[in-house]
Amino acid sequence: MEFSTIKAESVHNVLTITLNRPKSLNAFNSKMIKETTSAFKQAAKDNDVRSVVITGSGRAFSSGQDLKEVSDRQDDFSIGQHLRQGYNKLILAMISLEKPIIAAVNGVAAGAGCSVALAADIRIASENASFIQVFSRIGLIPDSGSTWLLPRLIGYARAYEMAITSDRITAEKAISWGLVNQVTPAVQLMEIVEDWAKTLSTGPTLAYGLTKRAMVRGYSQSLVQSLEYESQLQELASRSEDFNEGVQAFFKKRDPVFQGK
Ligand code: T3D
């Protein structure tokens, strides 16, 4: 697919999506929201894609909603509709994608840009990265999934603090809060992310996807329901070629070669 606000490149079963509006620190205009959503939906359909990396071009990950676009809006513009038609679909496309998503957070992730980073499954941050729930600075509440994702990731107290102070959370603080999985030297970020993506894209993709489905579902159900749901999904996983391969590789004392099926 041809995109103008993002780059989407697939190599060795890894789709890399690069938010590509560096002059505005990769602010999301309507087109970039649509194109990023399309890229994730495409990843869901493409069996060759077994993991996805999302990053930003230039010095930022994303500064969130394009404020230039905001200032050009007519009086009757509905932000609620803008969220329903745009960001909500993007976040749902990410959360429902049954393939691991890695956010390579190369710089600041603010507002909806922070929400998009939170909607990834793994966050690898450069030492120059930072996270700002910048919404309250402009009199808004966190959106694009942040009110759901952030307390689940770092607990209510820290999430609420981030939301109401709009303070910049450095990479150092982010790792100590459990907001990111790893912090890397800036120059090594993409190399380290490539290693993660390579490992994930040669893994048991079906099992990874079902794990995500079960964990997301687990957020809103009881232990009894989760135990039952695990049993159903494990039934599916156990019928995969990868399960058979994993068990055979164990007995033959060799590394498994997973096909993602
Ligand atoms: O309304 C709705 O649609 C509801 C949805 C809301 C979702 C949201 O995301 S709301 C939050 C929107 N985002 C912001 O409020 C963040 C605005 N940006 C900043 O606060 C700062 O730029 C940063 C903290 C992210 C980074 O600061 P800094 O000092 O590193 O960079 P800078 O100098 O402020 O920005 C560099 C350039 O990017 C600058 O342009 P210039 O002067 O070089 O021509 C700046 O205007 C531009 N830029 C940064 N953020 C945005 C932006 N342009 C448009 N929209 C932006 N969000």
Same hydrophobic cluster for Tyr87 and Phe3, using side-chain heavy-atom links shorter than 4.5 Å among ILVMFWY?
-> yes

Nearest heavy-atom neighbours spanning Tyr229 and Arg213 = OH-CD, 3.1 Å

Can any side-chain N or O of Lys89 pair as donor or acceptor with the backbone N or O of Thr37 at less than 3.5 Å?
-> no

Is it true that Glu230 and Arg217 have a side-chain N and a carboxylate O under 4.0 angstrom from each other?
-> no

Which pair of heavy atoms, one from Thr18 and one from Gly56, lies closest together, and at what distance?
-> CG2-C, 4.0 Å

After noting the C-alpha distance and the side-chain angles of Lys99 and Ser201, does the key distance pass the side-chain contact (heavy atoms from CB on, under 4.5 Å) rule?
-> CA-CA 9 Å; Lys99 299 173 185 183; Ser201 65; over 6 Å; no

Looking just at side-chain N and O atoms, do Arg168 and Ser130 make a donor-acceptor pair shorter than 3.5 Å?
-> yes

Between Pro142 and Thr147, what is the shortest heavy-atom contact and its length?
-> O-CG2, 3.5 Å

Under 3.5 Å, is there a donor-acceptor pair between the side chain of Asn128 and the main chain of Gly107?
-> no

Grab the two heavy atoms, one from Ser144 and one from Ile91, that are nearest each other, plus how far apart they are.
-> O-CG1, 3.2 Å

When rounded to the nearest 0.5 Å, the distance separating CE of Met162 from CD1 of Ile169 is 5.0 Å

Hey, what do you get for CG (Asp143) to CG (Asn88), rounding to the nearest 0.5 Å?
-> 8.0 Å

Report yes if some heavy atom in the side chain of Leu200 is under 4.5 Å from a heavy atom in the side chain of Ile102; otherwise report no.
-> yes

Contact check, side chains of Lys173 and Phe131, non-hydrogen atoms, under 4.5 Å | no

Please check if Met94 and Leu210 belong to a single hydrophobic cluster, counting links between Ile, Leu, Val, Met, Phe, Trp and Tyr side chain heavy atoms closer than 4.5 Å.
-> no

How about Glu9: does its CD atom have over 12 heavy atoms from other parts shown lying under 6.0 Å from it?
-> no

Verify the cluster assignment for Ile33 and Val134: are they in a single hydrophobic cluster under the rule of side-chain heavy atoms below 4.5 Å apart?
-> no

Measure the CG-CD distance between Asn244 and Gln259 for me, rounded to the nearest 0.5 Å.
-> 12.0 Å

Pair Glu235 + Arg239: basic N to acidic O under 4.0 Å | yes

Do the side chains of Tyr156 and Ile164 join up, straight or via other hydrophobic residues, at under 4.5 Å, putting them in one cluster?
-> yes

Any donor and acceptor pair, going by atom type alone, linking the side chain of Glu35 with main-chain N or O of Ser4 inside 3.5 Å?
-> yes

Arg21 side chain reached by Ser62 side chain, heavy atoms, under 4.5 Å = no

N/O donor-acceptor pair under 3.5 Å between Ser146 side chain and Gly111 backbone = no

Answer whether the closest heavy-atom distance between the side chains of Thr36 and Ile54 falls below 4.5 Å.
-> yes

Quick check: does any side chain N or O of Asn181 sit under 3.5 Å from a backbone N or O of Ile124, one acting as donor and the other as acceptor?
-> no

Quick one: are Glu172 and Val183 in side-chain contact, heavy atoms under 4.5 Å?
-> no

Quickly, which of Leu149, Leu90, Asp121 forms a side chain to side chain contact (heavy atoms under 4.5 Å, CB included) with Ile95? Name it, please.
-> Leu149

So, does Arg123 use its side chain to make a donor-acceptor pair with the main chain of Ala103 at under 3.5 Å?
-> no

Which atom pair, heavy atoms only, marks the closest approach of Phe243 to Ser238?
-> CD2-O, 3.1 Å

Of Leu19, Leu25, Asn20, Asn106, the one forming a side chain to side chain contact (heavy atoms under 4.5 Å, CB included) with Ser57 is Asn20

Could you check Gln65 against Leu140 for side-chain contact (heavy atoms from CB on, under 4.5 Å), going step by step and ending with a plain yes or no?
-> CA-CA 12 Å; Gln65 170 63 37; Leu140 293 181; over 6 Å; no

Is there a side-chain contact between Lys198 and His12, using heavy atoms and a 4.5 Å cut-off?
-> no

Other residues, nucleotides, ligands: >12 heavy atoms within 6.0 Å of Lys212 NZ = yes

If you draw a 6.0 Å radius around CD in Gln234, do more than 12 non-hydrogen atoms from other residues or ligands fall strictly inside?
-> no

Is it possible for you to say whether Leu97 and Trp148 belong to one hydrophobic cluster, with membership spreading through side-chain heavy-atom contacts below 4.5 Å?
-> yes

Spacing of Thr184 atom OG1 and Leu189 atom CG [to the nearest 0.5 Å] = 4.0 Å

Could you tell me whether a side-chain N or O of Glu245 sits under 3.5 Å from a main-chain N or O of Pro256, the two making a donor and an acceptor?
-> no

Phe135 vs Ser115, side-chain contact (heavy atoms from CB on, under 4.5 Å): CA-CA, chis, key distance, verdict | CA-CA 11 Å; Phe135 306 91; Ser115 302; 3.9 Å; yes

Going through the checks in order, is the side-chain contact (heavy atoms from CB on, under 4.5 Å) test met by Leu227 and Val224?
-> CA-CA 5 Å; Leu227 287 168; Val224 171; 5.5 Å; no

Any donor-acceptor N/O pair, Lys31 side chain to Thr5 backbone, under 3.5 Å | no

If we only count heavy atoms from C-beta on, is the Leu150 to Leu179 side-chain gap below 4.5 Å?
-> yes

Smallest heavy-atom separation, Ala104 atom then Thr55 atom, equals O-OG1, 2.8 Å

Approximate separation, where rounding is to 0.5 Å, of Met190 CE and Asp195 CG | 11.5 Å

Is it true that atom CZ of Phe251 has more than 12 heavy atoms of other residues, nucleotides or ligands lying nearer than 6.0 Å?
-> no

Would you say Thr16's side chain and Val53's backbone share a donor-acceptor pair under 3.5 angstrom?
-> no

With rounding to the nearest 0.5 Å, note down the distance linking CE in Met32 to OG in Ser24.
-> 7.0 Å

Examine distances only and state if a side-chain atom of Gln225 and a backbone atom of Ser222 form a donor-acceptor pair shorter than 3.5 Å.
-> yes

Side-chain heavy-atom pair Ile138, Leu67 within 4.5 angstrom cut-off = yes

